Number of protein chains: 2
Amino acid sequence: MGLTIKQVSEKYNIPANTLRYYEKAGVIPPVTRTASGIRDYSEEDIAWVENAKCMRAAGLSIESLIEYLRLYKEGDSTIRERKELLSQQRDLLIAQKKQLEETINKLDYKISRYENALKTGKLTWE
Amino acid sequence: MGLTIKQVSEKYNIPANTLRYYEKAGVIPPVTRTASGIRDYSEEDIAWVENAKCMRAAGLSIESLIEYLRLYKEGDSTIRERKELLSQQRDLLIAQKKQLEETINKLDYKISRYENALKTGKLTWE
DNA sequence: CGTTGACTTTGAGTTAACTCTAAGTTGTAT
DNA sequence: ATACAACTTAGAGTTAACTCAAAGTCAACG
């Protein structure tokens, strides 16, 4: 009915071993299994994978994802804590974004100097 | 005349060991030394440290910084290559920034859902 | 002149996040 | 039925980037 680990692996370009690792480590909840114990990813399972991929791509730690899932499993009593956790992570990403913009500007400046050097045949200053 | 390793370490909040590591690995050029061989960071040395810190904070690999310095040392004949290297790194950062923005949006959405849940006492949907 | 504290080097150890191996089981195609 | 690929697990190995330890040198202060 759902997707095999291989299909999920290909769809999201995440190695099957990494998907198993995420499950075992508690980054995503236990995946639905067939009668014979084979992983059979439901839409919900897939949504967790997609979320993990997105968060990891932005640099959130495995640890914070594990902590989030732990709180999630505990139910409604952890809503405030979960919100706090996400806010903290959001703040980290905002800071990262600022750093990134700063560095991109520096690179742009250096690149334009090199472009100028290539046109005129020499660096304008060092 | 210049700064000691400790002063640079404190000014940029980089452990002294890491400064030595950067120098040894070729992330920054060999630092000016006193007659007795002690590091005595000149303004130029410090500019390299500052640059390394900025690039690393944005996520550039040590390897790419080493490669850049290698080209830099070779002189003007590598200007095109250096420009290419910086452009590639810039493109990586642009992509990272996009990913970051996407993830921040997702987090903002989730956070607003939790805030709503905290006000109304329950999650509006799952 | 001795000791203190910052410096030096080489090289081993740590951490996060995978990534792979080995050994074994199962579903499917001939 | 039999072979073969894809699955399973536990656990060891890898990589990047530090991070620390050990052993030794050196300038300056009391």
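Order of the sequence lines fixes the chain letters, A, B, ..., with proteins taken first and strands second; residue numbering starts at 1 for each chain. Note that the structure is predicted; figures quoted are calculated from it, not measured.
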Any side-chain donor-acceptor pair under 3.5 Å between B:Asn116 and B:Arg113?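 Checked: B:Asn116/B:Arg113 side chains show no N/O donor-acceptor pair below 3.5 Å.
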
Decide whether A:Thr34 and A:Asp40 meet the rule of one side-chain donor and one side-chain acceptor closer than 3.5 Å.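 No, no side-chain donor-acceptor contact under 3.5 Å.
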
Whether A:Tyr22 contacts C:dC18 is assessed here as follows: a side-chain N or O lying under 4.0 Å from the phosphate OP1 or OP2. Is that the case?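 For C:dC18, OP1/OP2 do have a side-chain N/O of A:Tyr22 under 4.0 Å.
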
Output the rounded distance in Å from [atom1] ([X]) to [atom2] ([N]).
X	N	atom1	atom2	value
A:Tyr21	D:dT9	OH	P	16 Å
A:Arg39	C:dT26	CZ	P	15 Å
A:Ile28	C:dC18	CD1	P	12 Å
B:Leu3	C:dC7	CG	P	12 Å
B:Ile14	D:dA17	CD1	P	15 Å
A:Asp40	C:dG27	CG	P	13 Å
B:Met55	D:dA17	CE	P	15 Å
A:Ile66	C:dC18	CD1	C1'	12 Å

Which nucleotide in [options] has an atom nearest any side-chain atom of [X]:
X	options	value
B:Thr18	D:dT8, D:dC18, C:dT8	D:dC18
B:Arg56	D:dT19, C:dT9, D:dC18	D:dC18
A:Lys24	D:dC7, D:dA10, C:dT8	D:dA10
A:Ile62	C:dA17, C:dT19, D:dT19	C:dA17

Salt bridge flag under 4.0 Å for residues A:Lys106 and A:Glu102: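 Answer for the salt bridge query: no.
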
Less than 4.0 Å between a side-chain N and a carboxylate O, is that true for B:Glu101 and B:Lys98?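 No.
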
Trace of the salt bridge (charged side-chain N to carboxylate O under 4.0 Å, His left out) decision for B:Glu115 with B:Lys119: CA-CA 6 Å; B:Glu115 268 165 1; B:Lys119 263 188 294 205; over 6 Å; no

Specify the residue among A:Asn17 and A:Gly37 whose closest nucleotide of DNA chain C lies further upstream toward the 5′ end.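 Closer to the 5' end of DNA chain C: A:Asn17.
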
By nearest nucleotide on DNA chain C, pick out whichever of B:Ile38 and A:Ser61 is the more 5' one.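 The residue mapped nearer the 5' terminus is B:Ile38.
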
What's B:Arg20 touching, base or sugar-phosphate or nothing? Going by heavy atoms closer than 4.0 Å.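 Here B:Arg20 touches the bases of the nucleic acid.
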
